[in-house]
Amino acid sequence: MLDPRLYREDVDTIRKGLDRRGAKIDLDAMVNIDIEKRKINLTLDQLKSERNIATEQIARMKRDGQDAQSAIEKTRSLGDEIKAQQEKFDELEKRFRDLALLVPNLPHASVPDGKTSADNVVRRVWGDKFAGPKPKHHLDFSRELGLHDFERGAKIAGSGFPIYVGLGARLERALINFFLDEHITHNGFTEIQPPVLVNQAAMIGTGQLPKFAEDMYTIGEDGLYLVPTAEVPVTNMHSGEVLDAAALPIAYAAYTTCFRREAGSWGKETRGFQRLHQFDKVEMVMFSDPAKSYQAHEKLVGYAEGLLQKLGLHYRVLELCTGDMGFGAAKCYDLEVFAPAEERWLEVSSVSNFEDFQARRANIRTKIEGKAQFVHTLNGSGLATPRVLVALLESNQTPEGGFRIPECLRPYMGGLEEIRPKKK
RNA sequence: GGAGAUGUGGCAGAGUGGUCUAUUGCGUCUGAUUCGAAAUCAGAAGUCCGUGCAAGCGGUCCGGGGGUUCGACUCCCUCCAUCUCCGCCA
């Protein structure tokens, strides 16, 4: 959510920011509601003030043993008037808030202008281009090694719910543990295991709701949502709190299963691991002093990159353009790994600075030099496993048809160096 | 799932229809005293909204929401959380 003051003090700034994003919002309507709301608020406050004076008089009369009946009669209508005005005010406030929750964040000045992913800027590329003969497609390769079972997953849940089998399951667990251990032992994160069901307030806090309701799995009976990312529970952990400034930045790393309906995006790019309804991800979440959030942002990207470097994967860092950024982001980097069989770059991490966009929604503040202010929230995948797995499977094939396990994962695989094809 | 209890400021803990502008204690901050500190004394301090150039002024907030009333921390309804006992259970 944007600072509500902006709508009346500097709506041009909002307009310019939204234009850069290509977002269409009826700002005039919002400004008018806000003006109307303030007008009513003023009369409402005056009426309440009158009532306070009147009831005080009644109290005094009663104390002095005087008959207050006529004063009570006179005040009676005031209550009805207040109730009527209050209803109007509440209605306007709700209308304004409902609209405000649908307004995306404004892009940071440094974000490149653009309309689509084609306008994103490649900031750097790490590692060498894949050399040698074209490897097998990860799905065929996985089948040969017996690591995953999509068919049976589809049988029990639907497409997009793979089963990890044997060493495939262990490899998944190895990735998760490797990511988490790196964050908590080298990068200074505190590990969190949050609930994977959250309430509506949490989903609004981080910006998934109200706009993206159709992407979420819901538990209607209990009013709960399955988390699409650990960002939701971990960020909202501190909702309504005033964080100790000395404790900032707070850095959490959390592994959760993530659930996404992916409504509307089903079609191509859906084969194998590239778009799943359920997947594993380790998420980095940070609460920062507003003045330091952009340094923190760069650090987060670095942590995610470090993982890919240890895995030995060829990747690139994109700076997203204004038109391609997510709803709440003020600035965002994407990390993409190269899948040599598909010959495509696959997004494995998205690292965003939300500034105070989420902190306003979730009411997360701190006190700096005696003044209460909203913190900045940041988060980034570190990392999501499925596409990392794709790149690994396609990049680490041995001439004998086996899968060479990257060194950093071997301790988590009981020292195993290679997964060999099943004997026929 | 059943029965009961509780929810008040940073913390502890009073307050059962009207100066509550929320008693008090601890903690915090400022000042006095002191070479400095402790102790002591005096004072200050919250949130959010509106209004104003500003000092300020008005409103709001006692778990959330709603109701009764001229007036609600106080009474009623409802939801949530915590605690105790019972039941069930990985």
Side-chain angles (χ1 to χ4, degrees), chain A residues 1-11 30-101 193-205 209 219-225 233 236-248 250 257 290 356 358-375:
Chain A
M1 206 156 58
L2 306 179
D3 184 349
R5 268 183 258 269
L6 272 182
Y7 291 94
R8 70 184 80 120
E9 287 172 7
D10 190 9
V11 75
M30 295 184 68
V31 168
N32 287 332
I33 292 170
D34 184 54
I35 290 170
E36 184 68 11
K37 189 185 85 172
R38 271 148 59 214
K39 224 174 5 185
I40 288 174
N41 187 33
L42 203 60
T43 51
L44 189 58
D45 279 0
Q46 280 163 0
L47 287 170
K48 283 179 175 172
S49 176
E50 278 177 46
R51 183 180 64 184
N52 287 345
I53 291 165
T55 56
E56 201 181 319
Q57 265 171 0
I58 291 167
R60 206 176 317 123
M61 289 168 83
K62 287 221 167 184
R63 242 196 331 278
D64 298 346
Q66 296 174 34
D67 179 26
Q69 202 50 42
S70 68
I72 289 173
E73 301 288 342
K74 254 191 274 176
T75 315
R76 191 160 289 153
S77 63
L78 206 51
D80 297 336
E81 180 77 11
I82 286 171
K83 190 179 269 184
Q85 293 293 323
Q86 185 73 54
E87 269 169 31
K88 267 199 229 171
F89 178 81
D90 291 346
E91 162 68 17
L92 287 167
E93 188 163 65
K94 183 179 181 318
R95 265 168 64 195
F96 186 85
R97 183 177 160 80
D98 286 350
L99 291 171
L101 286 174
Q193 269 202 46
V196 295
L197 294 182
V198 297
N199 59 29
Q200 180 180 272
M203 287 296 238
I204 290 172
L209 290 180
I219 313 288
E221 203 175 3
D222 300 289
L224 296 172
Y225 298 79
N236 283 287
M237 264 170 69
H238 290 302
S239 66
E241 295 182 19
V242 179
L243 304 175
D244 178 10
L248 300 178
I250 295 171
T257 307
D356 63 8
Q358 294 180 326
R360 280 181 190 283
R361 289 174 162 244
N363 190 25
I364 307 169
R365 292 171 299 166
T366 187
K367 208 166 228 182
I368 290 170
E369 284 163 13
K371 277 180 71 180
Q373 53 182 295
F374 291 103
V375 299

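Proteins get letters first, then strands, A, B, ... in listed order; numbering begins at 1 in each.
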Between B/U34 and B/U24, how far is it from one P atom to the other, in whole Å?
30 Å
Between A/Tyr225 and A/Met203, which heavy-atom pair has the shortest distance, and what is it?
CB-CE, 3.5 Å
Gap in Å between the two P atoms, one belonging to B/C57 and one to B/A45, rounded
12 Å
To the nearest angstrom, the CZ-P distance between A/Arg51 and B/C70 comes to 11 Å
For the pair made of CG in A/Leu47 and P in B/C70, what is the distance, rounded to whole Å?
16 Å
Nearest 0.5 angstrom please: A/Leu92 CG to A/Ile40 CD1, how far?
5.0 Å
Between A/Leu243 and A/Thr366, which heavy-atom pair has the shortest distance, and what is it?
O-OG1, 2.7 Å
In whole angstroms, the gap separating P of B/U69 from CG of A/Leu78 amounts to 15 Å
Of all heavy-atom pairs linking A/Pro194 and A/Pro233, the shortest is CB-CB, 3.6 Å
Between P of B/U69 and CD1 of A/Ile72, the distance in whole Å:
12 Å
Would you indicate what A/Thr75 reaches in the nucleic acid, counting non-hydrogen atoms under 4.0 angstrom: base, sugar-phosphate, or nothing?
sugar-phosphate
How do A/Glu50 and A/Ile58 order along RNA chain B: which one's closest nucleotide is nearer the 5' end?
A/Glu50
Can A/Lys94 and A/Asp90 be counted as an ion pair, charged N to O under 4.0 angstrom?
no
Between A/Asp80 and A/Arg76, does any side-chain N to carboxylate O distance fall below 4.0 Å?
no
At 4.0 Å (heavy atoms only), tell me whether A/Lys48 reaches a base, stays on the sugar-phosphate, or touches nothing.
sugar-phosphate
Between A/Thr257 and A/Val196, which heavy-atom pair has the shortest distance, and what is it?
O-CG1, 4.2 Å
Flag the pair A/Glu36 and A/Lys39 as a salt bridge only when some basic side-chain nitrogen lies within less than 4.0 angstrom of an acidic carboxylate oxygen.
yes
Pairs under 3.5 Å (N/O, protein and nucleotides 49-52 of chain B):
residue: B/C49; atom: O2'; partner: A/Asn41; partner atom: ND2; Å: 3.3
residue: B/G50; atom: OP1; partner: A/Arg8; partner atom: NH1; Å: 2.6
residue: B/G50; atom: OP1; partner: A/Arg8; partner atom: NH2; Å: 2.7
residue: B/G50; atom: O4'; partner: A/Asn41; partner atom: ND2; Å: 3.0
residue: B/U51; atom: OP1; partner: A/Arg38; partner atom: NE; Å: 3.2

Please convert RNA chain B into dot-bracket. A pair counts if it is Watson-Crick or G-U wobble with both distances under 3.5 Å; crossing pairs go in [ ] and bases paired with another strand get |.
((((((((.[[[..)..(.....]]].(((((.......))))).(.((((....)))).).[[[[[..)....]]]]])))))))....
May I ask you to verify if any side-chain N or O of A/Asn52 is less than 4.0 angstrom from the OP1 or OP2 atom of B/U60?
yes
Distance check, C1' atoms only: B/G64 and B/C80, in whole angstrom units.
7 Å
Please measure how far the P atom in B/C73 lies from the corresponding atom in B/G17, and state the result in whole Å.
13 Å
Calculate the interatomic distance between A/Asn363 atom CG and B/C48 atom P; express it in whole Å.
9 Å
Just verifying a value: how many Å separate A/Ile33 CD1 and A/Glu93 CD, rounded to the nearest 0.5 Å?
11.5 Å
Quote, to the nearest angstrom, the P distance that separates B/C26 from B/C41.
10 Å
P-based separation of B/U60 from B/U21 [nearest Å]:
10 Å
Once you round it to whole Å, what is the distance between P of B/U19 and CZ of A/Arg60?
11 Å
Quick one: closest heavy-atom pair of A/Phe374 and A/Pro290, and the distance?
O-CG, 3.3 Å
Scan residues 79-88 of chain A against RNA chain B and write down, sorted by residue number, each residue with any heavy atom closer than 4.0 Å; if none is found, say none.
A/Lys83
C1' atoms of B/G71 and B/C20, separation to the nearest Å
13 Å
Between B/G58 atom P and A/Gln46 atom CD, what is the distance in whole Å?
12 Å
From A/Gln57 atom CD to A/Ile53 atom CD1, the distance as rounded to the nearest 0.5 Å:
8.0 Å
Taking atom C1' in both B/G13 and B/U23, compute the distance separating them and give it to the nearest angstrom.
10 Å
Between CZ of A/Arg360 and P of B/C48 the distance, given in whole Å, is 11 Å
Can you see if the side chain of A/Arg365 gets near the phosphate of B/C48 - specifically, an N or O under 4.0 Å from OP1 or OP2?
yes
How many angstroms lie between atom CG of A/Leu47 and atom CG of A/Asn52, to the nearest 0.5 angstrom?
11.0 Å
Between CD of A/Glu50 and CG of A/Asp45, what distance do you get to the nearest 0.5 Å?
11.5 Å
Return the nearest nucleotide to the side chain of A/Lys367; candidates are B/G46, B/G59, B/C70.
B/G46
